[in-house]
Amino acid sequence: EPEVTQTPSHQVTQMGQEVILRCVPISNHLYFYWYRQILGQKVEFLVSFYNNEISEKSEIFDDQFSVERPDGSNFTLKIRSTKLEDSAMYFCASSAEGLISYEQYFGPGTRLTVT
Amino acid sequence: GESVGLHLPTLSVQEGDNSIINCAYSNSASDYFIWYKQESGKGPQFIIDIRSNMDKRQGQRVTVLLNKTVKHLSLQIAATQPGDSAVYFCAEGLMDSNYQLIWGAGTKLIIKP
């Protein structure tokens, strides 16, 4: 069964450093998403991406964040200058269509620890 | 503001019993609701959804009930198994839109042997 994959599974970085989190969505999906989950808290939407453009972003997704689809398979989330409060699980998801009634498939997540 | 929330952060259930996980929502315009299951160390997984023109929807061992009058959503799991141990999230949204779902805080389901 096709699945979303994410690398690395755990990333430790120092405050102020740049990190890039990588995702490989399901191959025939066109819509891609990043979510964040601070430990023990709810899942928070960050950004959606379609046709090489951001479709929607939340208030969390400020100028420190950017997304890119550098090739036909990868979808990345970059945090330019990490803060302690960026420590969280980051989930990538993809779906075949953009309406919320179409199931989003989530990856296993990347745990980001900022020290 | 509008929000989605859960009544109980943790629910302990005996193996074999039925589980009921509750969720309150406050946006009366929401017409689409999803339950997700998140097992330890994994991403959320879709369980079941329901549209506002329905009161009840059944899946395999799971039933979602929607009470629009009191803006309440519940997930019933029949004959709970150890594999049901997870955090369960409800989420609400507008079905015919690209606007993202609003997620609730999550309820941790613990299965007692």
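These numbers come from the heavy atoms of this one structure, side chains and all, not from hydrogens, waters or symmetry mates. In this text, all values refer to a predicted model and were calculated from it rather than measured experimentally. To find a chain, count down the sequence lines: A is the first, B the second, and so on, and within it residues start at 1.
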Legend entry - A:Phe65 and A:Trp34: CA distance, side-chain angles, deciding distance, ring-ring contact (aromatic ring centres under 6.0 Å, His included) verdict: CA-CA 11 Å; A:Phe65 291 87; A:Trp34 282 102; over 10 Å; no

Legend entry - Given A:Tyr105, A:Tyr33, A:Tyr50, the one that forms side-chain hydrogen bond (donor to acceptor under 3.5 Å, both in side chains) with A:Ser95: A:Tyr33

Inset, instruction - Begin with the C-alpha distance, continue with both residues' side-chain angles, and end with the deciding distance and a verdict on salt bridge (charged side-chain N to carboxylate O under 4.0 Å, His left out) for B:Asp55 and B:Lys68. - result: CA-CA 8 Å; B:Asp55 297 324; B:Lys68 295 180 287 293; 3.2 Å; yes

Inset, instruction - Using distance alone, with no hydrogens and no angle criterion, decide if A:Thr110 and A:His10 have a side-chain donor and acceptor under 3.5 Å apart. - result: no

Legend entry - Interface moiety of A:Gln37 toward chain B, non-hydrogen atoms closer than 4.5 Å: side chain

Legend entry - Proximal component of B:Gln45, with respect to chain A [non-hydrogen, under 4.5 Å]: neither

Inset, instruction - May I ask you to name which of B:Gly43, B:Pro44, B:Gly41 has the most heavy-atom pairs under 4.5 Å with chain A? - result: B:Pro44

Legend entry - Side chain, backbone, both or neither of A:Gln41 within contact of chain B (heavy atoms, under 4.5 Å): backbone

